[in-house]
Visitor: 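Sharing a structure here in structure tokens format.
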Amino acid sequence: MAKRGRLRVFLGAAPGVGKTFSMLEEGRRLHSDGRDVVVAIVESHGRAATAALADGLPTLPRAHVSHRGVELEEMDLAAVLARRPELALVDELAHTNVPGSANEKRWQDVAALLAAGIDVISTLNVQHIESLNDVVEQITGVPQQETVPDSFLRGADELELVDLAPQSLRDRLADGYVYPAERIDAALSHYFRLGNLTALRELALVWLADEVDQALRGYRAAHGIDGTWEARERVVVALTGGPEGDTLLRRGARIAARSSGGELLAVHVTTQDGLRSAAPDVLARQRALVEKLNGSYHQVVGEDVPTALVEFARSVNATQLVLGASRRGRFAAALTGPGIGATVVRESGEIDVHMVNHAAAARRFALPPLTGALTAKRRILGFVVALLGGPILTSLLLLVRTPDSITSDVLSYQLLTVIVALVGGIWPALFAAVFSGLTLDFFFIEPIFTVHIHEPLHLLALGLYVVIASLVSYIVDRAARHTRAARRLAAESELIQTIAGSVLRGDDAAQALADRTREAFQLDGVRVVHEGTGRVVAASGTTADAGGLTRAALGEDAWLELYGQPLAAGEQRLLSVVVAQLSAALAHQELEETAREIGPIAASDRVRGALLTALSHDLRRPLAAATAAVGGLRAAGGALTADDRAELLDTAEESLGVLGILLTDLLDVSRLQGGVLSIANVPTDPAEAIAPALDELGLGPGDVRLALGHDEARANADPVLLQRVIVNLLANALRHSPEGTPVTVTTSVFAETLELRIIDHGPGVPVDRQEDIFVPFQRLGDTDNDTGLGLGLALSRGFIEAMHGTLTPEDTPGGGLTMVIALAMPHPDEVPGRADGVPARADGVVGSDAA
């Protein structure tokens with residue numbers, strides 16, 4: 001059987017970082033060293049430098065596969081297996097093969113080569129790792145259909161990260177080293193955003209670091225290495241559920257921060273019987289603090305707490321272990337022996353242990369409360385059992401009494417005391433203990449029918465009864481306390497879960513809280529009342545002829561009114577949780593109402609403000625030009641030549657025409673503000689706005705190059721206003737483009753957004769001044785009267801924002817300015833004649849090694 005081949009994978013954060021280049025360089029090096037290397041398949045994607053590297057290496061012909069009448073090329077797996085080289089170079093590990101190939105995925109082809117004993121070097125982008133697929137989609141907005149299972153990738157013999165700084169990758173893309181010129185602009189604006197590349201780079205580094213960490217753990221486990229290898233600081237903080245946890249976590253975070261790459265882990269040990277007490281609310285708060293400190297929270301189960309802590313610390317290769325000083329006093333420590341801290345120090349070995357002092361350390365011993373956690377009903381029942389059980393037991397024992405039965409008599413009364421303690425707790429148990437001791441002395445110990453403690457041992461027996469009763473009742477009380485707390489926490493969790501579920505399902509948050517509050521506290525009615533207006537925000541149940549009224553403040557101007565029986569002290573804590581959630585819900589509701597009210601006002605105000613500012617700026621020029629032309633005609637009289645007279649008349653006519661356009665714009669905005677003219681956002685094909693805009697400006701193929709890639713997609717827009725915006729942006733682009741260089745208009749779809757880009761190759765605008773161009777009618781010094789005033793970039797942005805879109809400037813690769821209009825796409829059901837949805841298409845984002 002052939003020895004399994006070795007797999008080496010070059011991993012990259014994004015296309016273009018140089019994975020294929022690195023693979024070919026390594027292949028050439030090994031080939032020059034005398035190894036039998038062949039190129040099984042390499043995708044150069046038109047990159048000359050990559051293709052040049054592949055020249056000179058033995059290359060196997062590709063297989064031709066016919067699919068739906070189209071001839072496609074794939075790696076010829078059979079040819080590689082027949083050739084049996086020492087090493088095969090296989091690009092794009094996540095590639096999906098053409099239907100009809102031997103395997104569905106290329107990584108399965110690689111698995112076959114490895115099984116045949118052939119070494120393989122391959123390439124992969126981080127977005128194609130199966131476990132990271134959903135994370136990458138959240139970052140980039142692009143789902144990846146081609147993935148490689150983590151198990152296959154983790155089985156690789158070598159993983160090597162090919163890294164490149166995000167800005168350097170964008171520079172390579174802009175210089176044309178990654179994609180053809182027509183795809184550069186869309187790629188830079190979509191997948192290759194700086195934030196996307198930074199997040200993907202971090203994702204690749206973290207995944208590879210975790211893989212190295214797992215390999216280290218596997219090596220240590222395989223070689224039986226229990227000692228700590230301080231590859232980096234790992235600080236484990238032991239949490240007990242006590243108030244000292246916050247102090248310990250912050251101290252542990254400071255220790256971890258002292259070294260580069262330090263890691264913070266918090267662990268809480270619960271016993272298998274679940275009797276070790278820990279406040280769930282405190283642990284929840286401390287878990288949130290761990291996350292704020294960029295640490296991780298863990299919970300383990302172990303019968304012996306010190307052993308569980310040390311085993312966990314060793315399993316994560318911890319270098320530091322942080323514990324709180326014992327809360328027991330010296331007397332308790334002397335009675336029960338060394339505590340958890342001392343045991344951990346003794347068993348920790350090479351792990352450094354930090355004992356941190358805190359306010360709760362070495363507290364004084366305090367007796368448990370005598371009232372206990374049992375209900376009054378159970379305490380009464382305990383007294384009843386003692387009063388009835390004592391005489392009944394005495395009667396039975398007297399019937400079978402013999403001179404040698406004193407031992408069984410003592411044990412019988414002891415059993416009665418334990419039963420009473422289990423039923424009624426401390427006070428009935430103490431009563432039963434004293435009552436049993438006196439009854440035993442009166443009826444069964446000589447001299448009988450007298451209560452006379454003649455022997456000191458008899459007094460000791462009575463004391464033991466009392467001690468046994470106290471210990472048993474303490475255990476019962478503690479169990480009852482835990483049971484009550486568990487039931488209470490379960491009820492609270494269920495209530496909060498129900499409330500959250502109601503809100504998530506779309507129910508009104510305030511109404512859902514009111515309904516659940518009435519049900520949880522078994523009230524007659526609940527109301528949420530706005531104090532200022534007296535408006536009832538939410539109501540549940542009936543408030544007419546209801547019982548007592550309890551009020552709780554909800555912020556500054558609202559109240560929660562509870563009608564019915566007063567709440568017990570134990571229910572007040574849960575009520576405070578409900579009050580906090582109601583306050584947040586009301587505040588969120590008010591913000592939503594305010595946003596709904598302000599939205600239309602803000603949108604219309606942007607439009608009105610932009611236009612009025614533009615008018616105040618631009619009315620002067622055409623008015624002055626028309627006045628000067630008419631004045632010149634009047635003053636010169638008949639002294640003007642025909643050409644001069646015609647020029648003055650043309651100037652006056654042009655200026656008056658501009659004034660007419662401005663007045664039309666002002667009238668439109670007035671109608672918009674008055675509610676007569678509204679912006680009608682309807683599913684619109686951008687091509688239906690682009691074509692009239694080109695006609696209006698008289699532009700032909702030599703002036704504008706179209707690259708419309710939105711297929712059948714539509715955008716939510718007002719067609720008339722969109723056309724006016726496109727006219728203005730095209731006019732600006734043409735004015736600043738070099739002579740003979742056409743303006744490019746493109747459309748594309750990305751993450752439910754339709755983008756329209758107007759690209760010029762003029763001088764461009766510095767990044768620090770790109771927002772300045774949206775100050776009304778800033779034309780970088782252009783003041784002639786021939787170019788037309790248009791609507792101005794400020795008004796264009798106002799119209800686009802009123803359509804719930806954005807208008808942003810970007811640098812054009814190679815020089816120039818690109819204006820990007822981004823509009824939301826309607827739901828497929830909103831598009832007339834379209835119920836099957838619009839296929840999302842992200843130009844510049846394709847399979848394994850392209851984006």
Side-chain angles (χ1 to χ4, degrees), residues 5 7-24 26-27 38-47 50-51 53-54 57 59-68 70-81 87-116 118-133 136-137 140 142-156 159-160 162 178-179 183 191 200 204 842 844-851:
L7 175 62
R8 182 178 179 183
V9 178
F10 286 97
L11 180 67
V17 297
K19 303 178 302 301
T20 304
F21 202 89
S22 300
M23 179 185 71
L24 290 172
E26 183 65 8
V38 300
V39 176
I41 189 165
V42 165
E43 303 290 353
S44 65
H45 296 290
R47 301 165 193 163
T50 303
L53 266 183
L57 287 174
T59 303
L60 294 177
R62 300 188 182 188
H64 293 271
V65 183
S66 178
H67 179 62
R68 295 181 179 177
V70 179
E71 286 288 329
L72 301 172
E73 294 183 345
E74 289 289 356
M75 182 182 76
D76 193 337
L77 177 61
V80 181
L81 291 172
L87 174 65
L89 305 183
V90 181
D91 204 7
E92 297 187 1
L93 187 61
H95 173 77
T96 299
N97 294 330
V98 176
S101 302
N103 294 304
E104 180 185 359
K105 300 288 186 179
R106 186 167 290 169
W107 65 265
Q108 295 171 327
D109 293 340
V110 170
L113 295 177
L114 296 174
I118 301 173
D119 295 345
V120 176
I121 298 180
S122 189
T123 63
L124 184 71
N125 286 326
V126 70
Q127 69 261 31
H128 299 298
I129 299 176
E130 178 65 42
S131 63
L132 303 180
N133 187 261
V136 173
E137 183 176 356
T140 64
V142 180
Q144 298 293 337
Q145 303 300 326
E146 299 177 328
T147 59
V148 175
D150 288 61
S151 57
F152 180 81
L153 193 57
R154 293 188 188 279
L159 286 170
E160 184 173 333
V162 181
V178 181
Y179 292 132
R183 294 174 56 191
Y191 194 90
L200 291 173
V845 184
V846 295
S848 301
D849 198 33

Visitor: Glu73: which residues meet the side chain to side chain contact (heavy atoms under 4.5 Å, CB included) condition with it, sequence neighbours left out?
Guide: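 Only Arg62, His64 meet the side chain to side chain contact (heavy atoms under 4.5 Å, CB included) criterion with Glu73.
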Visitor: Any heavy-atom pair between the side chains of Leu93 and Phe152 that's under 4.5 Å?
Guide: yes
Visitor: Could you pull out the closest heavy-atom pair between Ala54 and Thr59, with the gap in Å?
Guide: O-OG1, 4.4 Å
Visitor: Do Leu57 and Leu89 make a side-chain contact, defined as non-hydrogen atoms from C-beta onward lying under 4.5 Å apart?
Guide: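 SC-SC contact between Leu57 and Leu89 confirmed.
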Visitor: Nearest 0.5 Å please: distance from the CG atom of Leu200 over to the CD atom of Gln127.
Guide: 6.5 Å
Visitor: Passes side chain to side chain contact (heavy atoms under 4.5 Å, CB included), Leu11 versus Lys19? Steps please.
Guide: CA-CA 7 Å; Leu11 180 67; Lys19 303 178 302 301; 6.0 Å; no
Visitor: Are Pro149 and Trp107 side-chain neighbours, meaning at least one heavy-atom pair lies under 4.5 Å?
Guide: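 When only atoms from C-beta onward are counted, Trp107 and Pro149 do touch, with a gap below 4.5 Å.
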Visitor: Which heavy atom of Pro99 sits nearest a heavy atom of Val65, and at what distance?
Guide: O-CG1, 3.9 Å
Visitor: Decide yes or no for Arg106 and Ser101: does some side-chain heavy atom of the first lie under 4.5 Å from some side-chain heavy atom of the second?
Guide: no
Visitor: Considering residues at least two apart in sequence or located in another chain, which fulfil the side chain to side chain contact (heavy atoms under 4.5 Å, CB included) criterion with Asp119?
Guide: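 Partners of Asp119 by the side chain to side chain contact (heavy atoms under 4.5 Å, CB included) criterion, ordered by chain and then number, come out as Arg6, Arg35, Leu87.
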Visitor: Checking Glu130 now: which residues fulfil salt bridge (charged side-chain N to carboxylate O under 4.0 Å, His left out) with it, not counting sequence neighbours?
Guide: none
Visitor: Go through the structure and list residues passing side chain to side chain contact (heavy atoms under 4.5 Å, CB included) with Leu81, not counting sequence neighbours.
Guide: Leu77, Leu113, Ala116, Ile118
Visitor: Taking only residues two or more places apart in sequence or in another chain, which ones pass ring-ring contact (aromatic ring centres under 6.0 Å, His included) with Phe21?
Guide: none
Visitor: Quick one: does Glu74's side chain have a donor or acceptor within less than 3.5 Å of a partner on Val98's backbone?
Guide: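 Indeed, once roles are kept as given, a pair shorter than 3.5 Å links the two residues.
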Visitor: Atom CG in Leu24, atom CD in Glu26: separation rounded to 0.5 Å?
Guide: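 Here the rounded value is 11.0 Å.
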Visitor: Who passes salt bridge (charged side-chain N to carboxylate O under 4.0 Å, His left out) against Glu160, sequence neighbours left out?
Guide: Arg8
Visitor: Tell me every residue that passes side chain to side chain contact (heavy atoms under 4.5 Å, CB included) with Ser22, counting only those two or more places apart in sequence or in another chain.
Guide: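 Scan of Ser22 (side chain to side chain contact (heavy atoms under 4.5 Å, CB included), adjacent residues dropped) gives Phe10, Val162.
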Visitor: Step by step, work out the side chain to side chain contact (heavy atoms under 4.5 Å, CB included) result for Leu153 and Ile129.
Guide: CA-CA 8 Å; Leu153 193 57; Ile129 299 176; 3.8 Å; yes
Visitor: Of all the heavy-atom pairs spanning Val80 and Ala88, show the shortest one and how long it is.
Guide: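 Scanning both residues, the minimum pair turns out to be CG1-CB, 4.4 Å.
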Visitor: Restricting to salt bridge (charged side-chain N to carboxylate O under 4.0 Å, His left out), what partner residues turn up for Asp76, sequence neighbours left out?
Guide: none
Visitor: Measure across Ala40 and Val90 and return the closest heavy-atom pair with its distance rounded to 0.1 Å.
Guide: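 Reported closest heavy-atom pair: CB-CG2, 3.9 Å.
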Visitor: Using a strict cut-off of less than 4.0 Å between a Lys/Arg side-chain nitrogen and an Asp/Glu carboxylate oxygen, indicate whether Lys105 and Glu146 qualify as a salt bridge.
Guide: no
Visitor: Nearest 0.5 Å please: distance from the CG atom of Asn97 over to the CE atom of Met75.
Guide: 7.0 Å
